[in-house]
Asker: 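Here you go, one structure.
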Amino acid sequence: MPTPVDIAPARGKLGVMLVGLGAVSTTTIAGVLAIRKGIAKPIGSLTQMGTVRLGKRTEGRSPKISDVVPLSSLGDLVFGGWDIFEDDCYKAARTAGVIEPALLEQVRPDLEKIRPWPAVFDKHYVKRLDGPNVKKEKNKKDLAEQVVADIRRFKADNKLDRLVMVWCGSTEIFMTESAAHQTIDAFERALEANDPAIPSSMVYAYAAIREGIPYANAAPNLTADIPALVELAARTKAPLAGKDLKTGQTLVKTIIAPGLKARLLGVEGWYSTNILGNRDGEVLDDPESFKTKEESKKSVLDYILQPQLYPDLYDHLCHVVRINYYPPRGDNKEGWDNIDLVGWLGYPMQLKINFLCRDSILAAPIVLDVALFLDLAKRANMHGIQEWLSFYFKSPVHAPNLYPEHDLFIQLMKLKNTLRFLKGEELITHLGREYYD
Ligand SMILES: NC(=O)c1ccc[n+]([C@@H]2O[C@H](COP(=O)([O-])OP(=O)(O)OC[C@H]3O[C@@H](n4cnc5c(N)ncnc54)[C@H](O)[C@@H]3O)[C@@H](O)[C@H]2O)c1
């Protein structure tokens with residue numbers, strides 16, 4: 001048997017810091033509070049409901065994941081966060097309009113206690129937003145020190161043992177790596193110089209990582225996925241995950257596309273469009289924020305279908321992604337996919353998918369799982385990019401010399417094998433010859 005990895009126990013309280021108390025964050029927090037009270041179920045969460053098979057199929061061992069690896073229990077989670085609006089978590093959840101008021105009332109006192117700390121915010125990076133609850137420091141270095149102070153205060157006030165941070169803020173404008181992102185020194189100089197290459201999200205990420213705190217990015221903007229912050233994470237032993245939660249349409253895409261490729265069915269075109277009416281939809285209505293999202297959504301098919309290996313099937317694939325801001329629908333997104341397929345002898349076929357989903361209902365269990373798994377990674381001394389958490393993201397962060405793995409089923413296998421590896425259990429290869437020997 002392989003040797004298990006030493007994992008520190010999940011003793012004491014875990015502080016979960018969410019940047020941005022919008023639809024995703026409030027749905028996560030209110031959900032955890034409701035589940036804690038026994039009035040709702042954690043559907044969609046692998047850490048709460050998932051199992052992992054250990055050993056041979058004949059052994060009948062499929063314990064719950066939470067019984068295999070030491071995870072923080074929901075009762076030990078304490079939430080805090082930042083937002084540019086002053087609304088407490090109850091008011092913010094009402095504004096988001098995802099969870100029905102009757103359920104929110106049952107957790108209202110606890111939600112009201114969560115009041116956002118003033119945010120690091122610059123309208124340059126999120127054009128459609130503006131709010132009053134914003135820090136006013138001299139430069140971005142001072143802002144980062146303020147965030148560090150918030151983190152330390154939150155830890156001390158709540159007697160927390162450990163912390164994680166997840167960016168659930170709005171999608172920032174499209175940015176690419178530049179010189180300021182290459183080394184820790186260059187990055188710190190850029191913070192002091194108020195360099196525009198450093199968006200607000202990077203200020204938070206820097207603060208968390210410098211403190212050795214696990215950090216995840218739920219949105220598609222460039223944050224911790226730059227060499228300077230990866231280098232800092234190696235130094236401070238902070239685990240990293242991201243980016244852009246894989247929820248509605250992209251989740252379905254990464255379920256369907258591997259199946260089509262497995263059967264060597266060609267795809268000539270994949271047209272995805274959706275309507276969305278929440279604040280995220282409003283922010284994405286700005287072309288610069290949409291560009292960030294579009295890049296994240298579009299890369300998926302190329303990596304899954306591998307046109308370089310299958311030119312006859314996927315070389316001329318036309319992939320179009322549209323998001324339309326349509327307020328009447330609120331958080332209840334409706335997505336349409338039209339897939340133009342090609343079968344035997346080149347005969348065309350079509351597949352249509354109409355997904356009436358709820359964006360934040362799909363996102364909340366992911367935020368919870370990512371927070372708990374990142375804390376596990378930290379206690380298992382696994383730092384830097386946690387590729388085994390790709391399962392949760394549209395644009396998985398990855399080592400520079402690798403392509404990202406997008407296939408949901410390979411991602412799940414990788415995640416579960418990582419849990420087996422941590423516990424010193426045999427990895428499952430699905431070869432299975434021994435059953436027939
Ligand atoms: N819901 C999903 O299914 C899903 C899936 C993938 C990614 N995402 C991403 O997650 C993020 C959150 O989504 P949402 O639906 O909760 O959006 P939202 O607009 O409801 O919430 C975002 C919150 O972040 C706040 N904010 C923006 N910039 C900030 C800053 N610099 N500091 C502190 N707070 C800031 C906003 O005021 C807002 O309250 C978005 O970037 C979205 O694209 C969501």
Side-chain angles (χ1 to χ4, degrees), residues 17-30 44 80-89 91-99 116-135 140 143 146-147 150 165-173 198-205 207 216-223 242-252 274 276-286 289-290 292-297 323 325 330-333 335 355 357-367 370 392-395:
M17 300 179 291
L18 303 177
V19 189
L21 289 181
V24 171
S25 293
T26 58
T27 307
T28 306
I29 299 173
W82 296 263
D83 205 290
I84 65 168
F85 298 107
E86 283 156 347
D87 291 351
D88 63 52
C89 206
K91 280 210 195 91
R94 287 299 296 262
T95 306
V98 178
I99 298 185
W117 312 314
V120 176
F121 181 75
D122 182 338
K123 206 173 155 48
H124 172 69
Y125 304 101
V126 185
K127 300 272 188 308
R128 295 282 156 103
L129 277 189
D130 218 348
N133 196 32
V134 173
K135 294 187 195 300
K140 293 178 185 179
L143 287 167
Q146 279 294 306
V147 174
D150 292 341
M165 181 190 280
V166 185
W167 169 272
C168 295
S170 311
T171 301
E172 297 175 321
I173 57 172
I198 310 226
S200 317
S201 60
M202 278 187 201
V203 176
Y204 291 97
N217 184 5
N221 35 256
L222 192 70
T223 54
K243 60 185 190 177
D244 203 9
L245 306 180
K246 179 146 88 172
T247 51
Q249 206 161 37
T250 312
L251 172 66
V252 170
N274 50 70
L276 176 65
N278 59 14
R279 192 180 281 151
D280 186 29
E282 190 180 352
V283 167
L284 294 174
D285 209 32
D286 170 57
S289 286
F290 175 67
T292 311
K293 195 60 142 187
E294 188 186 28
E295 291 287 319
S296 172
K297 281 176 167 263
I323 299 177
Y325 177 50
D331 199 66
N332 296 349
K333 184 191 273 184
F355 191 15
C357 69
R358 293 171 190 265
D359 239 16
S360 304
I361 292 294
L362 291 168
I366 303 188
V367 174
V370 166
Y392 294 109
F393 297 102
K394 278 197 206 60
S395 303

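In listed order, ligands and their atoms are each counted from 1.
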Asker: Under 3.5 Å between any N/O of Leu129 and any N/O of ligand 1: does that happen in this structure?
Answerer: no
Asker: Mark up the atoms of ligand 1 that fall under 4.0 Å of a heavy atom belonging to Ala219, in ascending order.
Answerer: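 Counting from 1, the qualifying ligand atoms are 41 (O).
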Asker: For a 4.5 angstrom cut-off between non-hydrogen side-chain atoms, does Asp244 reach Asn217?
Answerer: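 No; the side chains remain at least 4.5 Å from each other.
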Asker: Starting from atom 27 (C) of ligand 1, what is the nearest protein heavy atom, named by residue and atom, and what distance separates them?
Answerer: Ser170 OG, 3.1 Å
Asker: In terms of residue, atom name and distance, what is the protein heavy atom nearest to atom 19 (O) of ligand 1?
Answerer: Arg279 CB, 3.3 Å
Asker: In the protein, what heavy atom is nearest to atom 10 (O) of ligand 1, and what distance, to one decimal place, separates them?
Answerer: Ala218 O, 3.9 Å
Asker: Under 4.0 Å from any heavy atom of Thr171, which atoms of ligand 1 are there?
Answerer: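 So the answer, numbered in order with elements, is 40 (C), 41 (O), 42 (C), 43 (O).
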Asker: One residue to check: Glu282. Relative to ligand 1, which of side chain, backbone, both or neither has a non-hydrogen atom less than 4.0 Å away?
Answerer: neither
Asker: Quick check: does Ser25 get an N/O under 3.5 Å from an N/O on ligand 1?
Answerer: no
Asker: Please indicate whether any nitrogen or oxygen in Phe85 is less than 3.5 Å from any nitrogen or oxygen in ligand 1.
Answerer: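 No, Phe85 has no N/O under 3.5 Å of an N/O on ligand 1.
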Asker: Can you tell me if Asp83 has a non-hydrogen atom under 4.0 Å from ligand 1?
Answerer: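 Yes, that is the case, since the closest heavy atom of the residue is under 4.0 Å from the ligand.
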Asker: Heavy atoms only: which of Gly20, Ser360, Cys168 is nearest to atom 22 (C) of ligand 1?
Answerer: Cys168
Asker: So does Asp150 pair up with Lys135, basic N to acidic O under 4.0 Å?
Answerer: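 Yes, this pair counts.
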Asker: So for ligand 1, is Trp167 a polar contact partner (N or O within less than 3.5 Å, distance only)?
Answerer: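 No: no nitrogen or oxygen of Trp167 is under 3.5 Å from one in ligand 1.
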Asker: Using a 4.0 Å cut-off to any heavy atom of Asp244, which atoms of ligand 1 qualify?
Answerer: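 Numbered from 1, ligand 1 contributes 6 (C), 7 (C).
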Asker: Which of the atoms in ligand 1, numbered in the order shown and given with their element, are less than 4.0 Å from a heavy-atom of Ser200?
Answerer: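 Matching atoms, with element in brackets: 31 (N).
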Asker: For atom 17 (O) of ligand 1, find the nearest protein heavy atom and state the residue, atom name and distance (0.1 Å precision).
Answerer: Asp280 CB, 3.7 Å
Asker: Could you check atom 44 (C) of ligand 1 against the protein and tell me its nearest heavy-atom contact, residue, atom and distance included?
Answerer: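 Scanning the protein heavy atoms, the shortest distance from atom 44 (C) of ligand 1 goes to Val24 CG2, 4.0 Å.
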Asker: With atoms numbered from 1 as shown, which atoms in ligand 1 lie under 4.0 angstrom from a non-hydrogen atom of Leu245?
Answerer: 5 (C), 6 (C), 7 (C)
Asker: Does an N or O from Ala23, backbone or side chain, lie closer than 3.5 Å to an N or O of ligand 1?
Answerer: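 Yes, there is a polar N/O contact under 3.5 Å.
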Asker: For atom 21 (O) of ligand 1, what is the closest protein heavy atom, and at what distance to 0.1 Å?
Answerer: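 Atom 21 (O) of ligand 1 sits closest to the protein heavy atom Gly22 CA, 3.2 Å.
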Asker: Work out whether the distance between some heavy atom of Val120 and some atom of ligand 1 is less than 4.0 Å.
Answerer: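 Right, Val120 reaches ligand 1.
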Asker: Count the heavy atoms belonging to other residues, nucleotides or ligands that lie under 6.0 Å from CZ of Arg358, then report whether that count exceeds 12.
Answerer: no
Asker: Quick one: do Asp286 and Lys127 make a salt bridge, cutoff under 4.0 Å?
Answerer: no
Asker: Closer than 4.0 angstrom: is that true for some heavy atom of Ala96 and an atom of ligand 1?
Answerer: no
Asker: Look at ligand 1 and say whether Tyr125 reaches it with a heavy atom at a distance under 4.0 Å.
Answerer: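 Tyr125: no contact with ligand 1 (<4.0 Å).
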Asker: Nearest protein heavy-atom contact for atom 32 (N) of ligand 1: which residue, which atom, what distance?
Answerer: Tyr204 OH, 2.8 Å
Asker: Looking only at protein heavy atoms, which one is nearest to atom 40 (C) of ligand 1, and what is the separation?
Answerer: Gly169 O, 3.3 Å
Asker: Using a strict cut-off of 4.0 Å, indicate which atoms of ligand 1 neighbour a heavy atom of Ala119.
Answerer: 32 (N), 33 (C)
Asker: Looking at non-hydrogen atoms alone, which of Val98, Thr247, Asp359 comes nearest to atom 5 (C) of ligand 1?
Answerer: Thr247
Asker: Does Glu172 have a non-hydrogen atom less than 4.0 Å from ligand 1?
Answerer: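 Outside the 4.0 Å threshold, so no.
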Asker: Would you check whether Val283 reaches within less than 4.0 Å of ligand 1, judged by its heavy atoms?
Answerer: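 So Val283 does not count as touching ligand 1.
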